[in-house]
Participant: 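For reference, the structure I am asking about is given below.
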Amino acid sequence: MLDAVSDLVQTDAALDVPVGGLDSLVAYFESGAKPKADWKVGTEYEKVAVEARTGRAAPYFGPNGIERLLERIADRFGWQPRREGEHVIALEGARGATITLEPGAQVELSGEQCPNIHCAHEELSEHVAQVVTTGEELGILFLGLGIQPVSRVEEIQWVPKERYRIMAAYMAKVGRLGHRMMKQTATVQANLDFADERDAMEKMRVAMGLAPVLTAAFANSPICDGRQTGYMSYRQHIWTDTDPNRSGLLRFVFSREAGFEDYARWALDVPMYFIRREGRFIDLTGMPFREFARRGAAGHHATMADWQLHLTTLFPEVRLKTYLEVRSADSQPPSRMLALPALLKGVLYDRDCLGAAWDLVKSWSWSERLEIFADSHKEALRARVRGIPLLDFARELLAIATTGLVRQEQRNSRGEDETVYLVGLQQQLDSGRSPARTLAELWERDWKEEVGRLVEFARYRIA
């Protein structure tokens, strides 16, 4: 979510050069273009961790904390620990995957770039087995929810990372819910490739147009601070009062003429958080990148590596780097986690399906997009646009994605195509309810607001 993985990335020597003007910034996006045969899918999976005994947020520090979890995973499964100061804050895997921590010690797997969802399934299954078995030894459970359900913000420990200290101070100035976003929320994010500028912007427009539908279909965060919030995706509502300069829907994306230059110009005007020099973060909060590129700051001048880092601190519903990141979904249980990348692969990697998905949402005005997006946070699949519930749009989208995946004919060793990863989503939509609606009803009617029953229902299990 906050791209903690960028802490681990070694700066490409080719980017350690001064920013050369708008053309060089646009060229950075262009460098990600790939022929269709080379397109892959990456998935980032965040999960909230709780104490098995109390259901409260697992601490980072201590003998039964998340730092100890990382140390044990590294010792047993061959991951390489990465430290900030004396503390382990991330792990690196042999195949390009990383395990990082969000500010409230939510554990994130940033998976390898996979040619198909079957590859992602193998990786996720291995990861779940590792964190579940190791976590249970420490009294830690992982929940398939989009938000920490019990502990209040002030009760959750901060992961000791300098970048989070800088971000936290700035977010307190620009929104009321930024610390909630940092310490409580969890998402699943799909990363997808593009062929060229036109293809990238078309995919970005479709995915951003679908943001209300994706939010509704994957809404899974109705309970926070031990109570119902009134929102089916409280995680998405939190983003509306975190930092409006860098999050939400981007109006220019819906113009047919929009290109990389438009995204670059928008990014240039978003205030920065920091730059990185010799492994240390330097606070530049509040300064637009445009100003930094023009005159420098703190004795430093803008490089392409700074631009790369700045792009990781922007949080629109679809983020552009050298690939596209779709960020609209709450985190899910493992059984539904791969539905998001499978859905998007089916839609975005087939030209006919891409067009069909755009047909679902292309007629909405800008004001309608904003209204239905806000409504999707609160009502999920019950939200309506022009009298039609988002449930109907979600079912249509699922049918389009299924067609795309069938055409792509990517099969596993059992002969199954990638539509197998849509089964959980299909069942949810067949019920007519979002995951959050099911949770909210159980919480009040069956569980009588007992935290232990919520934790038992939502906990990760090894398949």
Side-chain angles (χ1 to χ4, degrees), residues 45 47 117 121 124 143-147 149 186-188 190 210-224 228-237 328-344 346-347 357 360-361 372-373 375-385 387-406 416-450 453-461 463:
Y45 319 86
K47 51 205 138 318
I117 309 301
H121 176 258
L124 178 61
L143 305 184
L145 301 174
I147 201 161
T187 185
V188 54
L210 292 170
V213 183
L214 296 174
T215 296
F218 292 96
N220 193 34
S221 52
I223 299 162
C224 185
Q228 290 208 54
T229 63
Y231 291 85
M232 294 294 100
S233 180
Y234 191 50
R235 182 193 71 88
Q236 278 285 43
H237 172 67
S328 298
D330 287 353
S331 192
Q332 304 290 304
S335 61
R336 286 199 308 269
M337 194 76 85
L338 292 169
L340 179 72
L343 186 81
L344 291 167
V347 169
L360 289 177
V361 299
I372 193 60
F373 187 49
D375 288 349
S376 72
H377 306 166
K378 192 172 185 66
E379 297 294 335
L381 293 169
R382 291 183 182 178
R384 291 176 176 266
V385 57
I388 303 171
L390 285 182
L391 174 62
D392 289 0
F393 289 93
R395 287 171 169 167
E396 253 328 290
L397 183 64
L398 179 61
I400 293 168
T402 298
T403 298
L405 292 178
V406 169
E416 298 167 324
D417 64 27
E418 293 164 300
T419 60
V420 68
Y421 305 109
L422 298 178
V423 171
L425 177 60
Q426 178 75 66
Q427 293 170 342
Q428 195 71 52
L429 296 181
D430 285 347
S431 76
R433 296 182 295 180
S434 65
R437 189 74 61 183
T438 299
L439 279 170
E441 291 176 0
L442 288 169
W443 172 255
E444 200 161 284
R445 183 192 63 211
D446 294 3
W447 299 338
K448 307 302 181 186
E449 301 185 359
E450 292 181 22
R453 299 185 72 179
L454 169 64
V455 169
E456 185 61 25
F457 177 86
R459 64 182 290 188
Y460 274 36
R461 292 173 173 85

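Atoms considered below: every heavy atom in the structure, side chains included; atoms not considered: hydrogens, waters and symmetry mates.
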Participant: For a 4.5 angstrom cut-off between non-hydrogen side-chain atoms, does Met337 reach Ser331?
Facilitator: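 In short, these two side chains touch, coming nearer than 4.5 Å.
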Participant: Could you give the side-chain donor-acceptor pairs of residues 420-430 under 3.5 Å, partners two or more places apart or in another chain?
Facilitator:
residue: Tyr421; atom: OH; partner: His118; partner atom: ND1; Å: 2.8
residue: Gln426; atom: NE2; partner: Asp430; partner atom: OD1; Å: 2.9
residue: Gln428; atom: OE1; partner: Arg336; partner atom: NH1; Å: 3.4
residue: Gln428; atom: NE2; partner: Arg433; partner atom: O; Å: 2.9
residue: Gln428; atom: NE2; partner: Ser434; partner atom: O; Å: 3.4

Participant: Do the rings of Tyr231 and Tyr234 sit parallel, tilted or perpendicular, given the 30° and 60° boundaries?
Facilitator: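 If you compare the ring of Tyr231 with that of Tyr234, the planes turn out tilted.
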Participant: Does the pair Arg459 and Leu143 meet the rule for a side chain to side chain contact (heavy atoms under 4.5 Å, CB included), with working shown?
Facilitator: CA-CA 4 Å; Arg459 64 182 290 188; Leu143 305 184; 4.3 Å; yes
Participant: Quick check: are there more than 12 heavy atoms from other residues, nucleotides or ligands sitting under 6.0 Å from CZ of Arg382?
Facilitator: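 Counting neighbours around CZ of Arg382, 12 or fewer heavy atoms of other residues, nucleotides or ligands fall under 6.0 Å, so no.
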Participant: Compare every heavy atom of Gly144 with every heavy atom of Asn220, then report the nearest pair and how far apart it is.
Facilitator: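 Closest pair (atom of Asn220, atom of Gly144, distance): ND2-O, 2.8 Å.
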Participant: Ile372 and Pro212: which non-hydrogen atoms are nearest, and at how many Å?
Facilitator: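 Here Ile372 and Pro212 meet closest at CG2-CG, 3.8 Å.
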Participant: For Arg235 versus Ala186, what's the shortest heavy-atom pair and its separation?
Facilitator: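 Nearest heavy atoms, Arg235 then Ala186: CD-O, 3.2 Å.
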Participant: So Phe457 and Leu145, do their side chains get closer than 4.5 Å, heavy atoms only?
Facilitator: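 When only atoms from C-beta onward are counted, Phe457 and Leu145 do not touch, as no gap falls below 4.5 Å.
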Participant: Any side-chain heavy atom of Tyr460 within less than 4.5 Å of one from Pro334?
Facilitator: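 Tyr460 reaches Pro334 side chain to side chain.
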Participant: Would you compute the distance between atom CG of Leu391 and atom CZ of Arg384 and round it to the nearest 0.5 angstrom?
Facilitator: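 If I round to the nearest 0.5 Å, the distance is 9.5 Å.
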Participant: Any side-chain to backbone donor/acceptor pair from Gln332 onto Asp330? Under 3.5 Å, distance only.
Facilitator: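 Such a contact is found between Gln332 side chain and Asp330 backbone.
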Participant: Does some side-chain heavy atom of Arg437 sit less than 4.5 Å from a side-chain heavy atom of Leu381?
Facilitator: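 Not in contact.
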Participant: Between CD1 of Ile147 and OG1 of Thr187, what distance do you get to the nearest 0.5 Å?
Facilitator: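 So the gap between those two atoms works out to 11.5 Å.
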Participant: Could you walk me through whether Tyr45 and Leu338 pass the side chain to side chain contact (heavy atoms under 4.5 Å, CB included) check?
Facilitator: CA-CA 9 Å; Tyr45 319 86; Leu338 292 169; 3.4 Å; yes
Participant: Between Leu344 and Leu214, which heavy-atom pair has the shortest distance, and what is it?
Facilitator: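 The answer is CD2-CD1, 4.3 Å.
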Participant: Check whether any side-chain heavy atom of Leu405 lies under 4.5 Å from a side-chain heavy atom of Asp417, and answer yes or no.
Facilitator: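 With C-beta onward as the side chain, the pair stays apart.
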Participant: Enter the distance from Leu340:CG to Ile117:CD1 here, rounded to the nearest 0.5 Å.
Facilitator: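 Reported value, rounded in 0.5 Å steps: 9.0 Å.
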Participant: Compare all side-chain heavy atoms of His377 with those of Thr215 and state whether any distance is below 4.5 angstrom.
Facilitator: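 Result yes, sub-4.5 Å side-chain heavy-atom pair found.
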Participant: Look only at the side chain of Ser233 and the backbone of Ser221, and say whether a donor-acceptor pair between them is shorter than 3.5 Å.
Facilitator: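 Pair absent, no side-chain N/O of Ser233 close to backbone of Ser221.
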Participant: Looking at every heavy atom in both Trp443 and Gln228, which two are closest together, and how far apart are they?
Facilitator: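 Heavy atoms of Trp443 and Gln228 come nearest at CD1-CG, 3.6 Å.
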Participant: Measure across Phe393 and Leu360 and return the closest heavy-atom pair with its distance rounded to 0.1 Å.
Facilitator: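 In this case the closest contact between Phe393 and Leu360 is CE2-O, 3.3 Å.
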Participant: Is any side-chain heavy atom of Trp447 closer than 4.5 Å to a side-chain heavy atom of Leu439?
Facilitator: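 Side-chain contact under 4.5 Å: yes.
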